[in-house]
Number of protein chains: 2
Amino acid sequence: MVTIKDVARAAGVSVATVSRVHNDSALVTADTRGRVRAVAERLGYSPHAAARSLSTRKTNGIGVLLPDLHGEFYSELIRGIDQRAQRHGFHLLLASSHNEKAAIAAALQSMRGRVDGLIVMSPAPGAHLQVRDMASFPVVLLNSAAVGAEFDALAVANAHGATQMIAHLIGLGHRRIAMIKGPVRNHDAAERLRGYRAALKEAGIGADESLEAQGDFTDASGYAAANELLGRTPRPTAIFAANDAMAIGALSALREAGVRVPQEMAVTGFDDIPMARYMHPPLSTVRVDIAALGERATDRLLEAVASRRKHRKRREVVPVTLVIRESCNSPVRRDAS
Amino acid sequence: MVTIKDVARAAGVSVATVSRVHNDSALVTADTRGRVRAVAERLGYSPHAAARSLSTRKTNGIGVLLPDLHGEFYSELIRGIDQRAQRHGFHLLLASSHNEKAAIAAALQSMRGRVDGLIVMSPAPGAHLQVRDMASFPVVLLNSAAVGAEFDALAVANAHGATQMIAHLIGLGHRRIAMIKGPVRNHDAAERLRGYRAALKEAGIGADESLEAQGDFTDASGYAAANELLGRTPRPTAIFAANDAMAIGALSALREAGVRVPQEMAVTGFDDIPMARYMHPPLSTVRVDIAALGERATDRLLEAVASRRKHRKRREVVPVTLVIRESCNSPVRRDAS
DNA sequence: TTGTATGCGTTATCAT
DNA sequence: ATGATAACGCATACAA
């Protein structure tokens, strides 16, 4: 491997000069600069990142710790983060934890000295405490339950979005609105459920727990939950799934059962992943600008990294918008059939 | 930041001993080991990765350079890579190049000293040469045109897959089979086109360039291309898109145009991204086990990293399989209408 | 403007 | 079994 010494020797200068050339220091004549550049080019030299990090105490890297890498949600999130990071000259270190404590610890370990800050999305409750205690660098939390001056966090307007969607369905005339819930100990899932219940209560429609089916954010669970809900009597006229993947699974189950959407059953999701609009019928959903969420998180983190101590931590909520497509409609009148 | 020195001082031992404890060296008594461990724990110490890399000349990181991060293909690929890497104790460094020479150079620069090897997928021709000349570590190429003893490469059976699919359509009775092509200078796209033409020729069906519409792998381009093909007379009875995203765009265009799939037009794709089976109708496609591709690439790279020089470079082709769903069918007889 | 020398945090070699 | 110390490759304060 060619090091700074090799270049220095070949160019007949000191290592300091080579270093200066590479860091665009003004304290070097155009002449020597050109000479060093040429030699470096010829030798195929480029500085060793680890060594530089050690010396400068900067890595120009940011870590991204995700619970999973499956599906379009994470892909969009990473895209947003990478875009912003790249613009600021930072690179990405990716790790998935599957929400296991040990994996989180391992990731945090290997991040130390490799990144200047970390974006972590870990829906498991308590994970943010573990991260806080272990991380020796700024951290931005995504969709975590963490609140307070100790954390920098970004959250989606989960409850609000759910409420909006349910209100929309109620406006359409629906009364028996079922929900496919997300994972039990997931914060986003809990908030969406809260919004669902609140909207129902607000409209004077009593809660009916038999209309709340359990899911886990996977399409398979949405499929199963929809079949379960089909057995309820009287049957619900609308299904609100806590995320798009489950709504898509439900769509699949309904098609197989010969239940027409939206005529016999309205279906709505949450997230607006790219494929939602390509469903048949196109899926109504609560849009979260996922890439923007990633960008915002990156901005916050970079800000924290740059201003080290004088950075004020806070929780920030990113808005959502209703996207009404064809998967929801007015319910058919029961007495008309 | 708490360093190894702090721990050594607090534990009343030398830094060497602390280092030994952390590296599970046998040359340290259980007693001191326990004491050091306790102190390290109390102080919240964990070794600085950059420093360690500098000393050991190992980073335990692998770089992943992708042309883009958009869509399910890359997300699945990354998932496969991460899974394998994590199992071997390696972490991921992600970068997207958008196929710009400068971006590739920048990524390669920042990888230096941070990774032990690199997986690069850069459909642009010539990119592999640039990578070869700049990289100071083992590289595994994904879907590149590179051949020869100089490169370690993994490729998808593009031409074969395309041929298989076209043969299937011909078997169904289709004769006017259109293709939505991928980006002009993309290697995968070129191979898929080659397979398409070969299958047609093999069946004694002359090539008809008016049935080859240009696309660029995005759903929007598939949408436009399908509309273009709808104008051809006589109209094709089947469309083979060079990837699923374009097939999905085509499906959208056909629905808007009131053309029934598969009755009036068969549609097939390539890749079998997760959402393909959720289309309406479910999309027939050529399945590439994307995650497995990522895993295989990682295995190859890790192998190269481990055995440094004595590693024999070679090109390996991963197989594809036909997945026939409902989006293709026998064509309606022209004379029957 | 350039060179010398020290330190960054860790591992590894050589003593002890 | 443990300690002192020289690398590792680079940046930078200080000298010249």
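Owing to the predicted nature of the structure, the values given are computational and were not obtained by experimental measurement. When reading the values below, keep in mind they use all heavy atoms of this one structure, side chains included, and skip hydrogens, waters and symmetry mates. The sequence lines fix the lettering, A, B, ..., with proteins before strands; numbering per chain opens at 1.
- For the pair A:Ser55 (side chain) and A:Arg52 (backbone), a donor-acceptor distance under 3.5 Å is absent.
- Within the model, atoms OG of A:Ser96 and CG of A:Leu66 stand 8.0 Å from one another, a figure rounded to the nearest 0.5 Å.
- A:Thr59 contributes a side-chain N or O that, together with a main-chain N or O of A:Arg114, makes up a donor-acceptor pair within less than 3.5 Å.
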Quick test: give all pairs of protein nitrogen or oxygen and nucleotides 2-6 of chain C nitrogen or oxygen below 3.5 Å, distance rounded to 0.1 Å.
residue, atom, partner, partner atom, Å
C:dT2, OP1, A:Thr29, OG1, 3.2
C:dT2, OP1, A:Thr32, OG1, 3.3
C:dT2, OP2, A:Thr29, N, 3.0
C:dT2, OP2, A:Thr32, OG1, 3.0
C:dG3, OP2, A:Ser14, N, 2.9
C:dG3, OP2, A:Ser14, OG, 3.0
C:dG3, OP2, A:Thr17, OG1, 2.6
C:dG3, N7, A:Arg20, NH1, 3.4
C:dG3, N7, A:Arg20, NH2, 3.4
C:dG3, O6, A:Arg20, NH2, 2.4

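- Put simply, the side chain of A:Ile119 reaches to within 4.5 Å of the side chain of A:Ile81, judged on heavy atoms.
- Spacing between atom CG of B:Asn23 and atom P of C:dT13 amounts to 13 Å, rounded to whole angstrom units.
- Although no hydrogens or angles enter the test, the distance criterion places no donor-acceptor pair under 3.5 Å between the side chain of B:Thr17 and the main chain of B:Val13.
- The CD1 atom of B:Ile4 sits 19 Å away from the P atom of D:dA7 (whole-angstrom rounding).
- The closest side-chain heavy-atom distance from B:Asn23 to B:Ser19 is below 4.5 Å.
- Residue B:Leu43 contributes atom CG, which lies 14 Å from atom P of C:dG9 at whole-angstrom precision.
- A donor-acceptor pair under 3.5 Å is absent between the side-chain atoms of B:Asn158 and the main chain of B:Glu191, judged by distance alone.
- Side-chain atoms of B:Gln130 come within 3.5 Å of backbone N or O of B:Lys101 as a donor-acceptor pair.
- Here C:dT11 presents its C1' atom at 14 Å from CG of B:Asp24, a figure rounded to the nearest Å.
- Applying a 4.0 Å cut-off to non-hydrogen atoms, the residues of residues 50-59 of chain A that approach DNA chain C are A:Leu54, A:Ser55, A:Arg57, listed by residue number.
- B:Arg9 places its CZ atom 16 Å from the C1' atom of D:dA4, with the value rounded to the nearest Å.
- Rounded to whole angstrom, the span from the NE2 atom of B:His22 across to the C1' atom of C:dG9 amounts to 13 Å.
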